[in-house]
Q: 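Just passing along the structure, written as structure tokens.
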Amino acid sequence: MAGRNITKKIGALEFSVLSPNEIRKMSATKVITADTYDDDGFPITMGLMDQRLSVIEPGLRCKTCGLKVGKDKCPGHFGHIDLAMPVIHVGFVKTIRNSLRATCRKCGRILLTDKELEEHRKTIIKNNNEGRDNAYIFKTIISSAVKTEGCPRCGTQSGKIDLDKPTSFRENGKKLTPTEIREWLEKIPDEDLPLLDINVKSARPEWMVLTVLPVPPVTVRPSVTLESGERSEDDLTHKLVDVIRINQRLQENRDAGAPQLIVEDLWELLQYHVTTYLDNQTSGIPPARHRSGRPLKTLAQRLKGKEGRFRSNLSGKRVNFSARTVISPDPNLSINEIGVPKEIARELTLPVRVTTQNLEWCKNLIKQTAAVEKPGDNYRPRVNYVKRFREGVEQRMKVTEKNADDIAEKLELGFIIERQLMDGDIALFNRQPSLHRMSMMAHRIKVMPNRSFRFNLSVCPPYNADFDGDEMNLHLLQGEEAKAEAEILMKVQENLMSPRFGGVIIGGLHDHISGCFLLTYKDKTFSKEKTSEILATFKYKGKFPEIHEENGESFIYGKDIFSVLLPKDLSIEYKAKACFHCEVCEAANCPNGAYVVVKNGKLKQGIVDENSIGSFKGRIVERIIRDHGTAAGRIFIDDVTRLGIAVVTVIGFTTSIDDEDIPNEAKRQIGEGLQKAQNKINTLVTAYEHGELESLPGRSLEETLEMEIMRVTGRARDMAGEIASKYLGLNNSAVIMAKSGARGSMLNLSQMSGCVGQQAVRGERISRGYKYRTLPHFKKGDLGASAKGFVANSYKSGLNPTEYFFHSMGGREGLVDTAVRTSRSGYMQRRLVNALEDLKVESDGTVRHTGGEIIQFMYGDDGVDPTRSTTGKAVDLDRIIYDVKQEG
Amino acid sequence: MAKTVPKKKITPKKTEKKKPVVQKSISSKTKKPAVKTESKSKPSPMKKGKEVKSVTKKKKPSEEKKGPLVVEKKIEKKKEPERTFVPPPTKKEEEPKEYKTIRTEINKIMKNKYLPISIIDGIIERAARDKKIEAKIKNIIEKALEEYTKNLIDPTEACGMISAQSIGEPGTQMTMRTFHYAGVAEINVTLGLPRLIEIVDARSTPSTPMMNIYLRDEYRINPDLAKEIANKIEITRLTDVADIEMDLVNIFISIKPNKKTMEKKGITIEDLLERIQSVRKLSAKIEKENIKVTLDEPGYKALQNTNETLKNLKIKGIDGIKRVIIRKEPNEGYVIYSEGSNLKEVLDIEGVDPYRTTTNDIHAIARELGIEAARNMIIQEAYSTLSEQGLNVDMRHIMLVADVMTADGTVRAIGRHGVSGEKSSVLSRAAFEITVNHLLLASQRGESDELNGVAENIIVGQPVNLGTGAIELVMNPKKPKQKGK
Ligand SMILES: [Mg+2]
Ligand SMILES: [Zn+2]
Ligand SMILES: [Zn+2]
Ligand SMILES: [Zn+2]
């Protein structure tokens with residue numbers, strides 16, 4: 001960008017306490033009037049809204065620097081209030097207390113011998129050089145000084161200093177006024193200050209007793225005019241009004257020689273107002289309140305906490321060029337793309353510099369603004385603004401229908417047009433909570449009708465998004481550097497591999513997996529027509545898969561259709577998700593076809609399911625990304641998901657309530673099994689009641705009984721599940737989904753058709769409720785299965801009222817658990833991030849803190865990037881050896 | 001980088017045998033507490049603890065001032081017999097000859113290049129199994145080297161941020177259920193998110209302390225010897241072995257030992273008497289099979305109090321160990337699992353294998369075995385907590401967290417009272433927690449924020465010194481490129 005020079009860099013920020021002199025020196029005016037505006041609504045001179053403290057109304061000029069608010073920005077100027085009597089700064093009470101306790105009231109020296117002081121001084125310097133914490137040395141200095149009875153220099157007896165609540169001090173029970181304290185602190189010599197943890201260059205202890213109060217500029221505390229025309233002042237202004245009022249009264253009373261008591265009362269009141277002005281949550285004093293009863297938000301409250309300046313305005317900032325709307329899925333988009341509503345595309349802009357190369361193009365864009373848009377027309381970007389620089393001043397013109405042609409004609413090189421979005425622009429897409437870096441990825445924009453953001457379903461897992469009303473944010477990149485970085489580092493295809501565990505996180509899901517399962521299960525075949533239909537969905541242009549002929553009918557194997565997507569050099573073997581976990585795996589000879597063998601880009605055998613193409617587990621996806629790069633990975637995911645959907649569409653795939661039907665024979669068997677379990681529990685209970693139960697080591701009888709019963713109920717549910725799944729074969733859509741890893745599990749299925757099982761709260765059978773029983777439907781002391789939350793019914797057969805109640809109890813626990821967990825883990829992550837954010841891998845391979853301390857000599861002990869590792873392994877030895885063996 | 005760079009040392013060496021604490025840790029030879037000063041190669045406190053424990057007697061005076069980490073062992077433990085140094089049973093036999101020959105061959109092929117030891121070991125193991133592989137070893141090594149170099153992490157990578165995200169993100173998927181049974185069915189252990197939080201918090205004691213006590217030599221084979229150790233370890237209170245009855249009329253307490261349990265625990269009535277007599281203000285004597293306790297100053301109230309003290313009177317065992325379970329593990333023999341933890345005293349029991357016995361009390365490990373052991377334990381505990389939940393997080397992320405926690409030689413918490421509170425940047429600290437105090441203190445101390453870190457630079461609106469922001473390369477578009485050389 002032209003005119004962009006290397007910006008200055010801030011070297012360091014120094015912190016120090018303002019001295020009274022500095023406060024006066026930087027002050028634009030002394031503030032003496034507690035009022036803000038006069039009757040005409042004009043700021044009162046030497047009042048809190050004095051125009052020398054900058055102005056807030058646009059158009060007005062600041063009387064100190066002559067600049068306006070807004071464009072050229074007057075930075076605002078401080079004023080000051082001269083306090084009639086000194087008051088203590090609440091934030092520094094601890095330092096003041098320590099200084100008083102540790103020093104002599106007469107000579108101001110620390111109550112230790114020169115030798116001791118010298119020693120401490122040395123250790124402090126040594127610690128500083130070694131980067132160690134000095135906290136405990138300061139503590140010892142103070143505690144040993146407090147113990148000293150008389151001053152080692154002048155022999156003055158030291159009194160006992162007490163601190164009452166927020167800001168008052170007593171010496172041997174007698175009140176110390178701020179004036180006295182200030183005088184005392186003034187006596188402490190500079191050379192003793194480092195021993196009290198005060199840096200002479202930045203602070204003097206007496207500055208912690210305020211004699212002048214800085215008044216922040218008006219811009220810091222702007223007043224708002226309500227609709228009624230009434231002015232509403234900022235909380236800080238309110239507080240300053242209080243301070244000035246009391247200060248005035250104090251001054252008048254003191255000058256008039258009012259009784260000591262009145263002066264002291266007013267002095268204390270001034271202390272209260274200054275204290276609450278600084279921090280309105282000081283413990284020990286009531287917070288100052290607004291007329292409405294709301295506590296005022298004063299200086300400390302402005303900075304503190306999540307809504308404070310630091311966390312909400314400095315660490316995180318609001319941005320322009322962003323959009324937010326509801327999301328919805330679009331399987332026809334590539335994973336790299338995002339569908340942006342036309343309305344948003346017309347509103348957001350990207351800056352384009354007019355050059356000799358694009359002058360005509362820019363002119364056309366501008367002229368487009370005047371073009372009439374007919375319904376059904378394709379979206380064509382326009383220009384919203386044209387910017388130019390005249391003598392370093394930016395001029396910005398809005399392009400309207402009327403002036404479009406005019407502006408287009410006047411367009412010159414070096415102008416900047418702010419054009420609307422068009423297909424192919426790159427933008428960042430984000431969903432909160434942004435828990436990891438994949439929560440914000442770059443997509444290519446595709447402008448579309450309708451009003452939601454749309455993206456490929458495979459990108460849901462990294463964002464953790466679903467479409468039940470989720471909203472997401474889009475951020476446009478305004479600079480070339482940012483665009484380049486987004487393109488290279490942040491695009492979805494660059495984030496296919498997770499840095500968490502070195503595997504894929506983007507892959508097929510749900511119907512994509514069901515589809516591939518159906519395509520490759522057993523020897524599924526397709527007619528030529530169907531095959532063409534399937535291949536056409538992802539615009540396949542290669543060779544048609546091998547056609548087989550039998551009995552005069554030609555067909556194509558599903559596995560061959562799948563193979564068209566595989567690169568020719570792909571050879572891999574692994575177990576499919578549908579593996580039965582047979583005791584002895586026969587690998588390549590697996591009778592269930594659950595062992596996948598791909599050789600030279602051809603699926604020889606096995607079922608393609610979650611373990612092949614799924615997110616988190618997809619072995620084929622992973623291999624393609626590793627061997628052929630992220631672009632190939634993206635294309636594979638795009639195609640395989642479309643393939644899956646096409647297959648599901650061609651074959652037809654649906655699940656409904658009758659997928660959970662099991663034959664009566666199965667129902668009978670389950671009923672029998674449940675009865676057996678019931679009996680077993682009853683015998684256990686009777687044994688327990690008769691005291692015949694043998695307790696497990698280290699457990700009480702009750703615990704033993706509970707554990708035994710839990711075991712029995714658990715087994716009963718498993719039994720029901722086993723029986724149910726025996727009758728639910730792979731011709732059942734629900735089973736296909738569970739077995740292939742598309743959605744749901746066999747447990748879900750067995751709960752639907754077999755038995756729901758034991759409901760638990762806090763990991764135990766349900767036990768609370770009424771006295772000695774869970775519900776009034778049961779006898780007191782009933783320890784049986786159904787009285788303690790065992791649901792013998794299935795979801796399909798329906799729960800009876802007590803079962804339903806227990807089931808809700810378990811469900812509620814789950815909800816509460818989730819709510820608690822999100823907040824707890826959120827805080828943990830915030831702490832982890834804060835502790836680790838500054839770590840960086842240096843060019844020498846070490847991991848260091850930005851301060852320079854070495855944390856690891858070699859990242860992760862082997863220097864390997866977890867993203868590139870093979871599920872944690874630095875080098876995939878199995879693969880290398882497999883390859884070497886293949887080479888012959 | 002102008003800072004002093006301690007020499008990186010890459011000296012691949014077999015290290016497994018030196019680790020008493022962690023079984024499955026990645027070799028950790030590069031780990032060392034690192035502070036701004038040059039890294040002092042202090043003798044590993046872990047090793048020291050070991051020596052003291054087994055060799056007893058002599059102590060090294062030179063190391064004693066090294067802070068609270070190295071806890072001095074009490075040397076004059078009474079009755080304890082002189083122990084001889086027993087090499088750890090995990091120690092593998094000398095490497096087989098063929099391994100050695102392959103290793104030397106690999107070293108020849110590698111020349112001066114570097115591969116992690118685990119990779120080399122993996123190749124050796126496979127090569128020894130399969131002659132075909134051995135024949136192609138050169139090819140394999142070359143490929144491994146190529147892949148290893150390709151997989152190295154990029155300089156300026158914000159590895160800390162990635163680790164924090166990788167550990168934090170799955171947190172939402174973890175269970176909150178505090179109690180669950182892990183490993184040993186009989187012992188409750190805190191699991192899931194609460195345990196993970198506990199680890200990064202560096203809590204002084206875990207909420208469910210637990211120990212895995214491995215035994216040595218014949219102790220792990222012989223069930224009676226194992227039982228004996230278990231009895232020595234498990235705390236036994238008077239109520240556990242005897243019925244206590246108060247006679248309110250005659251103001252005395254009668255203690256009726258339960259013969260069966262006494263026998264099981266290996267306690268005689270004399271032992272009981274001795275322990276009871278150690279309680280002040282009472283006298284006890286054996287009457288028939290029972291023990292009669294009378295008060296020095298009889299009184300109803302005093303009797304009640306004494307009754308309570310007696311109930312909780314420790315007869316035997318180690319403080320803190322509430323319950324033990326002995327299990328026979330395959331390929332190992334008897335292992336004692338305990339609820340409650342007291343590493344220091346358990347390690348003193350004869351027959352306990354000090355090399356493998358572990359506790360989930362990280363501070364205890366730091367105290368007894370040293371900071372490196374604590375670091376390994378943090379890694380092991382955090383890793384198993386995560387993987388137990390079925391969450392797959394790379395070991396390297398957890399290692400980084402553990403290294404940050406232990407970098408200065410003490411176990412520091414992740415948070416306000418630990419790592420974050422000790423950051424050098426004022427702005428970063430202020431932005432994290434307790435904003436106002438940090439600002440006031442910084443002004444009093446005249447601190448200056450050098451704006452090195454991430455949070456500070458975001459606050460002042462500058463590029464961050466990480467990732468692409470760390471590259472300071474600027475092109476001047478006005479100045480044409482110099483043509484010709
Ligand atoms: Mg949702
Ligand atoms: Zn101004
Ligand atoms: Zn003095
Ligand atoms: Zn199989």
Side-chain angles (χ1 to χ4, degrees), chain A residues 6 10 12-17 91 130-131 198-199 201-203 300 303-304 310 314-315 435-436 499-501 698 763 817 821 825 828-829 831-841 843 850-866 868 872 874-875 877 880 884, chain B residues 3 8 26 30 34 36-37 116 119 122 136 139-140 143-144 147-148 151-153 155 157 159-162 164-166 168-169 171-172 176-177 186 197 323 392 394 396 403 407 414-415 419-420 424 430-432 435-436 440 442-450 452-454 459-460 466 474:
Chain A
I6 303 154
I10 304 174
L13 290 181
E14 271 174 23
F15 292 80
S16 57
V17 180
E130 290 172 7
I198 297 171
N199 187 336
K201 288 188 191 119
S202 73
L303 305 175
K304 257 188 195 169
F310 273 89
L314 292 169
S315 303
L435 293 176
H436 54 190
R500 167 146 73 93
F501 57 87
D817 203 274
R821 192 172 51 216
S825 85
M828 184 187 75
Q829 184 161 7
R831 279 168 14 205
L832 276 171
V833 166
N834 190 276
L836 301 179
E837 64 187 353
D838 293 339
L839 300 186
K840 165 170 146 191
V841 179
S843 306
T850 42
E853 304 99 275
I854 296 180
I855 302 295
Q856 286 182 332
F857 283 95
M858 195 185 215
Y859 174 71
D861 281 0
D862 57 7
V864 167
D865 184 353
R868 292 171 190 157
V875 173
L877 267 187
I880 290 177
V884 169
Chain B
K3 303 265 158 39
K8 182 166 63 179
I26 295 180
T30 45
K36 253 185 190 157
T37 53
I119 301 291
K136 295 212 171 122
N139 198 347
I140 292 172
K143 281 202 167 176
E147 192 175 332
Y148 176 69
N151 288 352
L152 285 178
I153 194 162
E157 183 81 82
C159 57
M161 195 70 206
I162 292 170
Q165 290 180 352
S166 298
E169 187 259 341
T172 36
M176 277 292 282
R177 280 248 298 282
E186 292 88 347
I197 289 174
R323 205 148 61 77
N392 192 355
D394 196 288
R396 285 167 265 257
D403 280 329
I414 301 280
V419 182
S420 300
S424 58
F432 181 56
T435 311
V436 177
L440 289 170
S443 64
Q444 172 190 326
R445 288 182 179 161
E447 284 183 55
S448 104
D449 195 316
E450 308 283 339
N452 288 319
V454 174
I459 287 175
V460 301
L466 282 176
V474 178

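All chains are named by letter (A, B, ...) in the order of the sequence lines, taking the proteins before the strands, and each is independently numbered beginning at 1.
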Q: Find out whether B:Met161 and A:Val833 are in side-chain contact, i.e. whether some heavy atom of one side chain is under 4.5 Å from a heavy atom of the other.
A: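 Result yes, sub-4.5 Å side-chain heavy-atom pair found.
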Q: With only heavy atoms counted, which part of B:Ser420 is less than 4.5 Å from chain A, the side chain, the backbone, both or neither?
A: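 Its backbone and side chain both get close to chain A.
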Q: Below 4.5 Å from any heavy atom of chain A, which atoms of B:Thr435 appear? Answer side chain, backbone, both or neither.
A: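 Answer is side chain: those atoms of B:Thr435 sit under 4.5 Å from chain A.
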Q: Can a salt bridge be assigned to the pair A:Lys840 and B:Glu157 using a cut-off of 4.0 Å between side-chain N and carboxylate O?
A: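 B:Glu157 and A:Lys840: not salt-bridged.
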Q: Compare all side-chain heavy atoms of B:Ile414 with those of A:Met828 and state whether any distance is below 4.5 angstrom.
A: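 Not touching, per the 4.5 Å side-chain cut-off.
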Q: Does any part of the side chain of B:Arg445, heavy atoms only, come nearer than 4.5 Å to the side chain of A:Ile198, both counted from C-beta?
A: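 They are not in side-chain contact.
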Q: Measuring heavy-atom distances to chain A, does B:Gln444 have an atom under 4.5 Å in its side chain, in its backbone, in both, or in neither?
A: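 When you check distances to chain A, atoms from both the backbone and side chain of B:Gln444 fall under 4.5 Å.
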Q: A:Lys201 versus chain B, heavy atoms under 4.5 Å apart: side chain, backbone, both or neither?
A: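 The answer is neither part of A:Lys201.
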Q: Is any side-chain heavy atom of B:Val460 closer than 4.5 Å to a side-chain heavy atom of A:Leu13?
A: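 A side-chain contact under 4.5 Å exists here.
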Q: Might you work through the side-chain contact (heavy atoms from CB on, under 4.5 Å) test for B:Ile459 and A:Ser315, ending with a clear yes or no?
A: CA-CA 5 Å; B:Ile459 287 175; A:Ser315 303; 4.1 Å; yes
Q: Minimum heavy-atom separation for A:Val884 to B:Ile140, with atom names?
A: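 Shortest heavy-atom contact: CG2-CG1, 3.9 Å.
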Q: What part of B:Ile162 gets within 4.5 angstrom of chain A, counting heavy atoms only: side chain, backbone, both, or neither?
A: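 Contact with chain A: side chain only.
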Q: Over all heavy atoms of both residues, which pair between B:Leu466 and A:Glu837 is shortest? Give the atoms and the distance, please.
A: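 What the structure gives for the nearest pair is CD1-O, 3.4 Å.
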